[in-house]
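Quick one: the structure is below, and I'll ask about it shortly.
Note on naming: letters A, B, ... go to the chains in the order of the sequence lines (proteins, then strands), and numbering restarts at 1 for each one.
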Amino acid sequence: GGGSDTATQNSQSAAPSSAAPASKGDGTLTIGTLLPQTGSLAFLGPPEFAGVNAAIKEINEAGGVLGKPVQKFDTDSGDTTTNIASQSVDKLLSQKADAIIGAASSSVSESVIDKITGAGVLQFSPANTSDKFTTINDRGLYFRTSPPDKLQGRVLGDLIVSEGNDTVAIMAMQDSYGTGLADQITKTVTDGGGEVVERVDYDPKAADFSAEIAKIKAKNPKAIALVGFAETSKVIQELVKQDMPASKVKWYMVDGNMSNTNYLDMPKGTMKGVKGTTPGAASPDDFRKKLAAVDPKLEDYTYAPESYDAMNLIALAAEAAKSDAGADIAAKLAEVSKGGEKCTNFKECVDLLKAGKDIDYDGVSGPVEFNDAGDPAVATIGIYQYGDDNKYPTKAVEYRTGNIAG
Amino acid sequence: MNAVPEREQHPAPETETEAQQDEAQQETVSKQAVSDRGDHLEGAREAVLRCDELIAGYLPGVNILNGADLYVREGELIGIIGPNGAGKSTLLKAMFGLVTIRSGTVTLKGEDITNMKAHSLVSRGVGYVPQTNNVFPSLTIEENLEMGAFQVPGRFKERFEFVAELFPALKERRKQRAGSLSGGERQMVAMARALMTEPSVLLLDEPSAGLSPKLQDLVFIQAQQINKAGVTVIMVEQNARRCLQICHRGYVLDQGRNAYTGTGRQLANDPKVIELYLGTLAKA
Amino acid sequence: MRRAVIAFTAFLGGLVFLLAGPAHAGPAECQGLKGTLKLQGQPVNGVKIAVTTEGGQPVKEVATNAQGAWDVQVDKPGKYKVTLDVSSLPQNAEVRGGTNVRTLTVYEGNCSAVLFALQPKGAPGQQQNASAEESPFWTQFAQLTFEGINLGLIIALAALGLSLVYGTTGLTNFAHGELVTLGAILAYAFNVGMGLHLIPAAVIAVIVAAALGYAQDRFFWGQLRRRGTGTIAMMIISIGVALFLRYVFLLFFGGQNEAFAQYTAQPGVQIGPISAAPKNFVAMAVELVVLIVVGVALLRTRTGKAARAVADNPALAASSGINVDRVIRIIWTLGGGVAALAGVMLGLSQNLKYTMGQDILLLIFAGVTLGGLGTAFGALVGSIVVGLFIQVSTLWVPPELKSVGALAVLIIVLLVRPQGILGRRERIG
Amino acid sequence: MDWITIISTTLKSAVGVETVLYGLAAIGINIHFGYTGLLNFGQAAFMGVAGYGLAVTVAVMNLPFWLGILVGLGAAVLLAVLLGIPTLQLRADYLAIVTIAAAEIVRLIFRSVAFKDVFGGSDGQRGFSDGFYALNPFPEGDYGFNLGPVPIFFNHRLLWVLLVGWLLIAVCCGIVYLLMKSPWGRVLKAIREDEDAVRSLGKNVFSYKMQSLVLGGVIGCLGGFVYGLAFASVQPDIFGTETTFYCYTIVILGGAARVLGPVIGSMIFWVLLVLVYGVLSEAVAAGYIPFMTSIQVGPVRYILVGLGLILLLVFRPQGIFGDKREIAIDAR
Amino acid sequence: MRAETTTSERKAAALAAFKDLAHDPGVPKPDPILVVDDVVRRFGGLTAVDVKHVEIQRGSITALIGPNGAGKTTFFNQLTGFDTADAGSWTFNGRRMNGVPAHKVARAGMVRTFQLTKALSRLTVMENMRLGAQQQKGENFWRALVPSFWRGQEDAITERAEDLLTRFKLAAKRDDFAGSLSGGQRKLLEMARALMVEPELVMLDEPMAGVNPALTQSLLGHVKDLREQGMTVLFVEHDMDMVRDISDWVVVMAQGSVIAEGPPDTIMSDERVIDAYLGAHHDAPLSESELTEQLQEAEAALEAEIEEETQK
Ligand SMILES: Nc1ncnc2c1ncn2[C@@H]1O[C@H](COP(=O)(O)OP(=O)(O)OP(=O)(O)O)[C@@H](O)[C@H]1O
Ligand SMILES: Nc1ncnc2c1ncn2[C@@H]1O[C@H](COP(=O)(O)OP(=O)(O)OP(=O)(O)O)[C@@H](O)[C@H]1O
Ligand SMILES: [Mg+2]
Ligand SMILES: [Mg+2]
């Protein structure tokens, strides 16, 4: 397989350089990953790495970029409680990375963006949601395929309203992802004629969530939007315990906690009828098979599509720019993401490119069209519904595509 | 810490002036050490507990005991006196396994107990009252005494009555935490704790310190009585005169080695011992 | 009857979509506004709805159909105003909340849902309605108190282990949180990995953890003590141990949340104002029994007293004939076991994660300190106070800051009673 | 394996920003804990209020950079006083928990949604460092040298931060050196040993503890500035208890109550972290450790660092510069 | 109020002051430095201290004796601000001292030592001593930064400390950590350190318990010197030889209250004091003849025993 090929390539590469990483290309596209192997987001690491690896595997199988296989160095971003991300970036920069994929946490990305973009290297996050990055001074080198939260929040809010829930509670994880989504949901629900009777921002590290749920219960809402990550399974336990099961109160979830593995331990039917949104138009199933090929133990898929798309886009932009330098890639990213002949995987796209055509890469996570700020402009959100087996099927109830900004 | 004196015979100075005192002391010590060694080997043959040429210390490279010898025969009451910092407490701790012995041996009833753990010595019948930190502050008096009888819990009641008779103050306060006791009361608890086990060898480190004169007398009388009852007692005291009055033999320790040995009376009357260690205050 | 069938069909709508091919699942062709009017579950027919632009220019006026649905397609995305004609409502219906106007945005290629919740006339307005449905303060208070005790007992159990070890050896063990995690993960391994029922799995886990506690002291901490390593150095070593263990867990257990095979998401039962899962009661009972038994044992039994003696003065304890190493080992064994039990309980009440112990470590420390360092019942009392304040304080502070409440109480209590709730002041001089 | 990268990143980390900022915080802790015996486990809060003081002043209130620095310093002093007045009478271990609690409160408030407008929630604040970089005397570019085949280069921004950071460290070490050999330092050390004895000798223990708390807090807050300026942002979670724990580790590693202890400790700590990671990830990438995947490198690094810490302290419990004799006294 | 008197006159002056005083508890002194009224301290049900009225004569050496647990240490704790009295008031040099924190008490010139010693373990003996000195310029934060401000004073302090250490036989331990001292040495250090403060009134809590008698004797000379320098000494001690030797006046406490006062000789023959404190049998030090008698007895017994044993 391509994996072992890359590994051997890696060992031969990385010739000593006499200066700090130049922003000029050297002919080989070198990717650094800065994703969580440890820390509070460690559970996001495996799917993200798998996404990148799956993409690289396909790219290299299709002949690599600029005729050479893509090189990759993995590093740990940790979380903000430790300062290791910056050390990891140092390592990647001295290994002459052209583009760095990461970090998962907005806060971590923020702490290293100056360092990365200052060195003329492209930073591409598959998961940052903070709206700060839209306006940040990134020298045009920062991009993201992050889940389009504004759209997702709108879609979810709309879904909640359209199902007739006039009293809604929101249980949101207290970080930029959770609060951003929650804000959007609140706005949509209120506009649409519902009322957000309680909004609880919770600390995901809290020892337990009973007080939060008690607060929600006190308001007796018809629907609860659960915005968060894996800790949602704790929240659900608490909901069931405090007599607000999905059969009584409607639960709505988001991509961070839509999981087909996390709730399997729960009694049958616990999740029955629960709806949630996840970005991406394609059926996740084929993609998951791809991921399984690179990481058979993978259980969670959060941000895997975004990581996969990020890698593909970088590779395509490099091909389009005929250069592996960060700045050159950045200059082409918007171009390959929109306006042109649609294609959905690297091989297809690169063939079109080689044929001199303008391409529009549509990824697993959505159509991915970058605006000027390097944020995706369009996205597709799928609405899924859990069945009796606490899983949701591969096909969505409904897909909605729209401009993220509105 | 002074350098370890050579083990050579020095001519003892005929006369001493005050100014020469320190030097003289040094010399006497060396001389004594050698002559004592023979006596020691002689006397130690039938000893219950004996230490031979103990070298021990706390910090790496600094020896506090520099070859101390000591023996005690069955039923004897031994007094150890000496200036502050001579190593008296260290000697007791070394015997009792609380300070690591670097060389030399400690023998109890023929068994080599060098560096044996303290608790196993307790089960061999040795009792010990430390000089400082001699109570469990957060335990009540009663519990302190219970700990004294840790290895013979069955006999706690009976022994408790016994020590309560000695120190009635303790019985009154049995539920008070030892940490709030006065200095003297602590000393009583410490003494009483050691008496709970009925040891066959008892090591006492300044048991009378901080006690009122009345109780000091009691301690000495009690030590004598215990001893008469067959318990071997080794007692470190700064109340040297009283100590030498009741003990069979005494050791004067200086700088980690034996400076003088002799019967209690010999020592108490030895002018040099008086001058260097006993003082003349109490005689007046 | 027919209506019921329709409702049922609607209910199964989702399933229909599931079974349908991709054609149905494509992006909805819709750009405008839509909604469904229902009164007590029944669709309301013939209600007039007017859509205007934000400026007030009329766009379209429609009426709801037999299913109660209406929709208005618009050409341009933007803000629109939707007005429901109250007079066209059935006699017995009114709009909940009063206002019959909604202003909302239509996005390109998307339909926005508009909700007019209807209610029978005469029923109280939505605002009052909501507050009438709201559970009274005391119900909430009771629930939170219960949760506080529930959490407090788990913390207490974890704190007990920490307090025992701290009490006897003076070691501030920052790796204690990891011992809690260890218990949970062991139980998980026996439970999910080997397929045992949770109860025997938990028992085995506690026994194994106790054995590991013993081994830890026998082969590690005890050796350090023998070398004369100071308590401060040991404290930092415990940080090293914590790192080591935590990441071993991450390596083998992974970063995700897991749950035990049994009792997960157990439905709650309502008892008076409190709703709780049966497992909570069992867990609380077990915790309370263990805490009291261990506490009493420390106060009453010979080994318990010996442990306190060792805590006070190890050299003197040895001089009294106590085998200090043995006592410490017993304490470590007990501490390991109790910590593991706390982990199981935490995993049972919440979920398992490799940082679960670390996440409550601060609360454990708070509990131990608040109660008075080194006292078993102090740990119990302190932890329950901490647990209670965490939960009950959410009545007044936002839940994201609930730890602030507990920590603030900790600070205040210590200011009034610097030696902790059950601690004793030391004598000077 | 790419040894050159490993060596280069390791060497750079020995003088890097993290080393500087943790070193500064650790110098503060050394004053608190090493010299005065105050178990202040809230050092992260001092860093936090300084960083946020600067950030909020400049980024939110649009005031000049220097004012931000003053606000940060003032906030640290204020925190020390607020924390100290009620808590300095507490016994060491109780003080520890109270300071942890206070620091957590500070962090949770920085992080909370309720104060998002001011502190920026969990993402923190940014955009306040321009004033600092405007003072940068180094023109744009990379600076450094090649150590044999190993390149050691910093860009102009980093170089400026490092220059200032190491100057601060030098000044702080100088101050600590002067103070600790003075009678003032003697009183602190005496307080560490036994407050009551010091009181009986007519020293105002409370006042000295407070001075120590303020001094250590202010030095720690310099670490907060360095963090904020080097990363051009502040985030609440970096000011959590973990950071304080690491600072303690650093102090003990270097040797408590030694002037240079925290600096050397910080270097060891970061070199250990970076070296272990570099070697591990390269070895895994090169396929020398076939049973490990690259994702596992992260956890394994911490496992090894944990082990390294344990071993260092097992074999040198007094730290690098510590005095074995001091450890032997009262080893309980 | 301290009159400048020549060396030899001090003791005489002190004795003269006490000469005509009644031997009642709480008797007023001609020139008291410390006056205590109605100090009460209770621990739960136990009244540890309940002193109606006591005065301490300036420039004298006063002994405070009493059985264990009489409340002497607790009394010291109240007076020096280490514990808060439940009731009562006291003045030092005419200044009210209730509620004054410990360090201010010490600065006012009233310094105490601790019965259970408080050596500053990880400071050297010398540093312990230096710490005692008052009004050090270098103890101010800002001045500490400039060594030249305090160097001179430090040297003077060191010199004084050296002197005391030599007297207290600790000179050889000068650079050792105080934590490594033996029990007796700690007592010595504790006392020497208190003297570094150069207080007006020094309160010693069992200073000689555990100190070698020969050294005690030489230190008593030093204490007498202190009096000659105009210092007032109040000390707790169980060593009657010492009390008799140096004290000008003795105050006896039992069960928290002062039960008797008087010159040493009178007090030691007081029936109540003998009963409560000194003990009926071994009251005075054994006379020479008694001593020999006892020794002979003991020896005879021992010899007999040994003989018995050897015969076995
Ligand atoms: N904190 C406390 N709690 C309870 N009782 C106490 C406390 N402090 C002292 N006591 C009791 O008060 C009494 C007086 O104690 P104090 O230490 O003053 O005696 P003392 O006269 O100094 O005795 P000694 O000569 O033995 O030192 C003692 O019985 C003691 O047990
Ligand atoms: N824990 C310790 N660490 C280092 N040195 C010590 C320690 N304890 C005692 N020493 C040193 O050992 C020497 C002997 O001490 P030891 O306690 O045996 O004296 P001692 O003869 O009992 O004196 P004292 O009559 O004062 O109790 C002293 O010089 C002391 O400094
Ligand atoms: Mg001794
Ligand atoms: Mg006393």
Side-chain angles (χ1 to χ4, degrees), chain B residues 1-2 46 58-59 73-76 81-90 131-132 169 176 180-188 205-206 209-218 220 224 238-241 244-248 263-265 268 274-284, chain E residues 43 46 65-74 115-117 169 172-173 176 180-188 205-206 209-218 220 238-242 244-245 276-283 285-286 288 291-292 294-296 298-299 302 305-306 309:
Chain B
M1 187 102 287
N2 289 335
E46 46 204 305
Y58 302 89
L59 303 175
R73 281 178 288 199
E74 181 94 44
E76 249 185 335
I81 61 170
N84 296 114
K88 305 179 294 294
S89 305
T90 311
Q131 180 179 8
T132 49
Q176 188 174 349
S180 64
L181 292 177
S182 80
E185 288 163 343
R186 280 174 187 235
Q187 202 67 35
M188 293 180 223
D205 199 347
E206 306 203 14
L211 290 179
S212 70
K214 195 170 156 182
L215 288 174
Q216 283 191 27
D217 288 339
L218 181 72
F220 286 114
Q224 212 168 12
Q238 287 300 3
N239 198 340
R241 239 158 235 290
L244 292 179
Q245 275 172 19
I246 62 159
C247 68
H248 298 134
T263 61
R265 180 164 132 192
I274 292 177
E275 188 173 343
L276 294 177
Y277 308 111
L278 299 184
T280 51
L281 193 63
K283 230 166 118 185
Chain E
F43 296 108
L46 176 81
I65 63 173
N68 296 117
K72 305 179 293 292
T73 303
T74 312
Q115 180 178 7
L116 302 175
T117 53
K169 287 250 163 57
K173 291 264 158 197
D176 284 1
S180 72
L181 295 183
S182 76
Q185 289 169 330
R186 283 175 198 226
K187 281 269 177 204
L188 295 171
D205 200 348
E206 300 198 21
V211 175
N212 180 262
L215 184 53
T216 305
Q217 197 165 1
S218 77
L220 291 186
H238 290 304
D239 180 347
M240 284 307 114
D241 299 324
M242 174 175 166
R244 178 174 303 116
D245 188 62
Y277 181 56
L278 295 173
H281 297 294
H282 299 258
D283 48 350
L286 302 158
E288 196 64 58
L291 178 79
T292 13
Q294 266 207 346
L295 278 174
Q296 274 164 353
E299 236 166 274
L302 178 68
E305 260 171 53
I306 293 172
E309 260 169 49

Any donor-acceptor pair under 3.5 Å linking the side chain of Asn68(E) with the backbone of Ser212(B)?
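Yes: the side chain of Asn68(E) pairs with the backbone of Ser212(B).
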Segment of Gln187(B) engaging chain E (4.5 angstrom heavy-atom cut-off):
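Neither the backbone nor the side chain of Gln187(B) comes within 4.5 Å of chain E.
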Of the backbone (N, CA, C, O) and the side chain (C-beta and beyond), which part of Ile65(E) lies under 4.5 Å from a heavy atom of chain B, both, or neither?
neither
Mind listing the closest non-hydrogen atom pair of Gln115(E) and Gly183(B) along with its distance?
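Smallest heavy-atom distance, with atoms named: NE2-CA, 3.4 Å.
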Selection from Ala214(E), Ser218(E), Gly66(E) maximising heavy-atom pairs under 4.5 Å formed with chain B
Ala214(E)
Arg186(B) and Leu116(E): CA distance, side-chain angles, deciding distance, side-chain contact (heavy atoms from CB on, under 4.5 Å) verdict:
CA-CA 11 Å; Arg186(B) 280 174 187 235; Leu116(E) 302 175; 3.6 Å; yes
With a 4.5 angstrom heavy-atom cut-off, which part of Glu185(B) approaches chain E: side chain, backbone, both or neither?
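Looking at Glu185(B), backbone and side chain both touch chain E.
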Kindly compute the distance separating CG (Asp239(E)) from CD (Gln238(B)), expressed to the nearest 0.5 Å.
11.0 Å
Region of Leu188(E) that comes under 4.5 Å of a non-hydrogen atom in chain B
side chain
Please classify the contact between Glu206(E) and chain B as side chain, backbone, both or neither, with a heavy-atom cut-off of under 4.5 Å.
side chain
Closest heavy-atom pair, Gly69(E) versus Ser182(B), reported as atoms and distance to 0.1 Å, is N-OG, 3.3 Å
With rounding to the nearest 0.5 Å, note down the distance linking CG in Asn239(B) to NE2 in His238(E).
12.5 Å
Any idea which heavy atoms bring Ala209(E) and Gly210(B) closest together, and the distance?
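Shortest heavy-atom separation between Ala209(E) and Gly210(B) comes out as CB-N, 4.1 Å.
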